[in-house]
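Written out below as structure tokens is the structure these notes cover.
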Amino acid sequence: MLKRSWPVLLIFISMISVQGSASIAKYLFPVLGPEGMTAWRLFFSAIMLVLIFKPWRKAMTKQALKYISLYGISIGCMNLAFYNAIARIPLGIAVAIELTGPIMVAMCASRKVLDFIWLSVAIMGLAMLLPLTQASSNLDPMGILFALLAGSGWACYILFGRKASAIYGSASVAIGSGIASCFLFPIGIWQTGSALFSLELLPLIFVVSLLASAIPYGLDMIALPKLPAQTFSTLMSLSPVFAALSGFIVLHEQLTHYQWIAIVFIIISSIGTVLTMSRPTKVKSIKPSN
């Protein structure tokens with residue numbers, strides 16, 4: 001029993017690490033802003049991933065550079081949009097809305113009637129989170145828009161990352177993160193100014209990067225070979241729950257019953273999509289770290 005359950009436990013710890021890092025990052029927004037936090041986080045993450053994957057060992061082709069560049073831009077836009085989203089709306093809601101990106105990628109590859117039912121469930125949940133009703137009128141429209149942009153970035157991350165990985169291998173994530181850091185750091189300096197280089201904050205920023213990238217990536221690498229792809233994807237569909245709990249514990253963000261129901265709809269759609277899609281026996285790629 002323990003042998004079968006420990007990979008699942010590692011995935012849970014990985015999700016807690018990722019969502020916990022987002023809560024700490026949001027705590028630093030008053031000083032660094034979403035742009036400055038994104039710049040530093042991707043900078044430290046790129047360094048750690050380069051040390052792990054050692055991409056200099058493999059020659060780069062023009063085709064590989066093309067897709068890795070698009071992949072890196074996707075990573076940067078996804079992270080920047082996500083941090084701008086959680087600066088405006090609760091973490092759990094932002095992660096739930098962002099989850100619509102992978103759902104749409106899965107839907108585009110499907111023609112089953114049942115899959116369109118799951119899509120309808122996701123749209124229903126998303127509609128409940130839009131500030132069109134009194135129950136969700138307190139949600140910032142810009143925050144919702146940024147969360148949708150983060151979801152679009154996640155979709156591009158999946159599409160370009162799959163292509164880059166097929167051509168260049170797993171080291172693509174290290175180079176992609178470096179590219180993202182290169183174009184986001186000037187934006188961070190422009191938005192944050194000298195506060196970006198506050199030595200007092202750098203240790204905490206490094207902890208955020210560690211929790212968001214190195215730790216979950218290491219745990220995933222240990223657990224994923226032991227898990228069927230369907231199980232992993234189903235577990236990842238629970239990310240909004242961990243995000244909401246992290247937001248409540250660290251940031252004291254409270255969601256209404258109505259908002260919880262909307263999140264549950266999106267989670268059900270994600271799980272339903274996973275359970276009805278064709279799948280390989282093992283996981284071949286891992287999730288992005290937000």
Q: Begin from the C-alpha positions of M60 and I175 and carry the test side chain to side chain contact (heavy atoms under 4.5 Å, CB included) through to its verdict.
A: CA-CA 11 Å; M60 176 75 69; I175 301 176; 3.4 Å; yes
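- Inter-residue side-chain proximity for P240 and I267 is flagged as met; some heavy-atom pair is nearer than 4.5 Å.
- One finds the CD1 atom of I68 at 8.0 Å from the CD1 atom of I167 (value rounded to the nearest 0.5 Å).
- You'll find the side chain of I266 stays beyond 4.5 Å of the side chain of V121, heavy atoms only.
- Ring to ring, F12 and F242 are close: their centroids are under 6.0 angstrom apart.
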With a 3.5 Å cut-off and sequence neighbours excluded, list the donor-acceptor pairs that the side chains of residues 184-206 form with protein atoms.
{"residue": "T192", "atom": "OG1", "partner": "L32", "partner atom": "O", "Å": "2.7"}
{"residue": "T192", "atom": "OG1", "partner": "G188", "partner atom": "O", "Å": "3.1"}

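- Here the side chains of C156 and L70 are not in contact, with every heavy-atom distance at 4.5 Å or above.
- Between F44 and W40, the angle of the ring planes stays under 30°, which puts this pair in the parallel group of the 30/60° scheme.
- Using a 4.5 Å cut-off between side-chain heavy atoms of Ile, Leu, Val, Met, Phe, Trp and Tyr, with links allowed through other members, L91 and I24 fall into the same hydrophobic cluster.
- Taking the six-membered ring for Trp and the full ring otherwise, F146 and Y83 have centroids separated by 6.0 Å or more.
- Checked against the 6.0 Å centroid criterion, the rings of Y157 and W154 do not qualify as a close aromatic pair.
- Using a 4.5 Å heavy-atom threshold, the side chains of V50 and W56 count as touching.
- Using a 4.5 Å cut-off on side-chain heavy atoms (C-beta onward), T61 and Y168 make no contact.
- The distance from atom CG of L210 to atom OG of S45, rounded to the nearest 0.5 Å, is 9.0 Å.
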